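Read through the structure below, which is laid out as structure tokens, and then see the notes.
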Amino acid sequence: MSQAETARRASPLWTLGLFRSELLTTFRRWRTLALLGVLAAVPVLVGIAVRIETGDGSAAGGGGGEGPAFISQVTNNGLFLVFTALAATLPFFLPMAVGVVAGDAVAGEANAGTLRYLLVAPAGRSRLLLTKYATVIAFCLVATLVVAVSALAVGALLFPLGDLTTISGTRIGFAEGLARALLIALVVAASLTGVAALGLFVSTLTNSGIAAMATTVGLLITVQILDQIPQLSALHPYFFSHYWLSFADLMREPVYWEDLTKNLGLQALYAAVFGSAAWARFTAKDITA
Amino acid sequence: MAPYASDDMTTAGEADEPRAGRRRAARYVVPVTVMGVAAATIGLVPAIADSGDPDLPEITAAQLIEKIAKSDVEQLSGTVKITTDLGLPNLGGLESGLASGAVERGEGGSPADPSAKLTELASGTHTLRVAADGPDRQKVSLLEDAAEYSLIHNGKDVWGYDSRSNEVYHGTVDETGGDRGKQPPATPKDFAEEILKSVDDTTSVTVDGTAQVAGRDAYKLVVEPKQSGSTVGAISIAVDHRTGLPLKFTLTPASGGTAVVDVGFTRVSFDRPAASTFDFTPPKGAKVTEDGEPGHGREHSGKPGEAPQAPKSEEDLAKGLGGLTMLGEGWNSVATFDTGGQGLPTGEAGGDLGGFLGSLGDQVKGEFGKGTVFSTRLVNALITEDGKVYVGTVTKDALVKAADEGK
């Protein structure tokens, strides 16, 4: 008991130190860097593809509006590549990367036999779990920003920049466009917090990192498929991926907040439910590895 | 927290097993509680927000209709939700793709053409944004997934912008014109006006209490056909008590069930919308289709910039279609015309195709001969063997009766 008390008194700095070391461990992993590299490559591929396709002056996406959202506007304004890249990666690449990192968070440590050493340090399980979740959230943000920044760089290189037309047909300046792009990146990162919490919960259930990652990504795919089945439309508003593409509503003028707030509320709900479930599991679990 | 803190550090001993088990189980109360609270909030908040019908002074139906007629709201902006369920086969998410795809490819027109978009509103739920500032400046936007279709009327220009394909449609109208009829009916007001035009002695109009629509207090006007035989059950129009603007329009079929058409504001403001709302310059690189250009090739392009619209009344419709005559009166009127062709053979006579078409409809017999009735939730159509067509918002029996009388 007294040991725990000491731990709590020394807490703020200790937690920060724990968080910093967790961040370093996560971002120094080759696996994490490879994931970020793949994410950064997506906008490059999309940008080059659009550039080649429209080299002869034809409209992107065949002019019929196919392909990821915003793709037909990319040729006129490179900033739209940010939105296109986020729309292209959000359904699968981004959450998959988050699922890998989140699934690995606890189960990976258990798998490698390092979890008990982490718990020997006077941090407490709740705090360790919170730190793990904070690290995964940080990864969500970094992954989204990697996509956005890579898209912006490619967009600036291959296409003109300047004032842009919102999807409502009104014009906004480039500075406001950039601000909206940043806001969209933040919303996309926030959209991933639900998956992150789900992955963390799965991660506390097993001692195998691979199993946790596979389960999280499998759940992600299952939910995406169920979200496409019209007969289940009554359940759709409760799927964490249902409102993901609502980030595009930030490009309307005036901004249409209804789905955006629904999305953020839903992510908060998932984070609360699965976060507390992960806590309930992790703090009561026998750590044998 | 405190009782559990020791668990953070130690593994439960053998002797504590049952107690520890209970404690472990107790922790799951937290996520379950969170879920329960969330479920309760989702369930209860709409119930609490629905704070009952507002208290408004009594008003007669005639006064309310006058209020609608006098309503001169020139500046507004808001969000409109439109749900249509005509009982046509549900194509799910395919319908917009099919509809716009067919128009685009088939006729070489622009997806930014207003008529290409109107078909999308015919089924499912859609969200529109409307803004108006005087008779010269209006905007209607159809919100789509990560895209938007905007129809902007500013002075003499009419712009259609489809952000998904980045294509622009441009037409012009006389600056003096500028009546709202130039737009497709989108707001509850447009629908209400169409209905109130047809009010006559075959119609009962009553005020049915009050309701709250888009956060505003409103009277409910109920329009019902007096005659039996119509497929229209009732039309309910919620009218803003202050401005007289119809806020919600609901058409329920006589057969019951969900509304066939439900159009209502979910948010409305009577402030002047920002001027930039109506400014439109085609974005760089967007393909612009001028109205009346070759390749546009649609019949309605007679008047520049005129969006297709619902026929003003049955008379207009009758004028539009040669040889069309109206049978009956009021709600039970049935339009009929002679295709001059062979008509539709009924089941046994028509071979494979006839059998297939026949299976979509019901075979009927009467004094007029034999025919097939095709039904939706609102409109029924009878095609006889000798090529006559009867169409109306009446029941199958009323349709047969009208055909018998018309013989």
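A, B, ... follow the sequence lines: proteins, then strands. Residue 1 opens every chain. Source: prediction; values computed, not measured.
The shortest distance between side-chain heavy atoms of Arg171(A) and Asp279(B) does not fall below 4.5 Å. Residues Glu253(A) and Ser276(B) are not in side-chain contact: their nearest non-hydrogen atoms beyond the backbone lie 4.5 Å or more apart. With a 4.5 Å cut-off on side-chain heavy atoms, Pro254(A) and Arg129(B) count as touching.
In terms of modelled atom types and a separation under 3.5 Å, the side chain of Thr170(A) and the main chain of Thr277(B) share no donor-acceptor contact. In this structure a side-chain-to-backbone donor-acceptor pair under 3.5 Å is present from Arg252(A) to Ala147(B).
Contacts between Ser163(B) and chain A at a heavy-atom distance below 4.5 Å involve backbone atoms as well as side-chain atoms. Both the backbone and the side chain of Leu143(B) come within less than 4.5 Å of a heavy atom of chain A. With a 4.5 Å cut-off on non-hydrogen atoms, Ser77(B) does not touch chain A at all. At a 4.5 Å heavy-atom cutoff, the contact between Tyr28(B) and chain A is made by backbone and side-chain atoms alike. For a residue to count as touching a neighbouring chain, one of its non-hydrogen atoms must lie under 4.5 Å from one of that chain's; by this rule Glu258(A) touches chain B with the side chain only.
Around CG of Asp145(B), the count of heavy atoms belonging to other residues, nucleotides or ligands within 6.0 Å does not exceed 12.
Per-residue counts of heavy-atom pairs under 4.5 Å with chain B were compared for Ala277(A), Ala248(A), Ala278(A); the largest is that of Ala277(A). Per-residue counts of heavy-atom pairs under 4.5 Å with chain B were compared for Ala272(A), Gly169(A), Gly265(A); the largest is that of Gly169(A). Considering only heavy-atom pairs separated by less than 4.5 Å from chain B, the leading option among Ala87(A), Ser233(A), Pro160(A), Ala280(A) is Ala280(A).
Interatomic distance, CE of Met35(B) versus OG of Ser276(A), reported as 8.5 Å (0.5 Å rounding). Rounding to the nearest 0.5 Å gives a distance of 4.5 Å between CD1 of Ile42(B) and OH of Tyr238(A). Note that CG of Leu269(A) and OG1 of Thr41(B) are 9.0 Å apart. Values are rounded to the nearest 0.5 Å.
A pairwise comparison of heavy atoms in Tyr161(B) and Thr166(A) identifies CE2-O, 3.9 Å as the closest pair. Contact record, Ile167(A) with Glu148(B): O-CB, 3.3 Å, taken as the closest heavy-atom pair. Contact record, Ser72(A) with Ser165(B): OG-C, 3.6 Å, taken as the closest heavy-atom pair.
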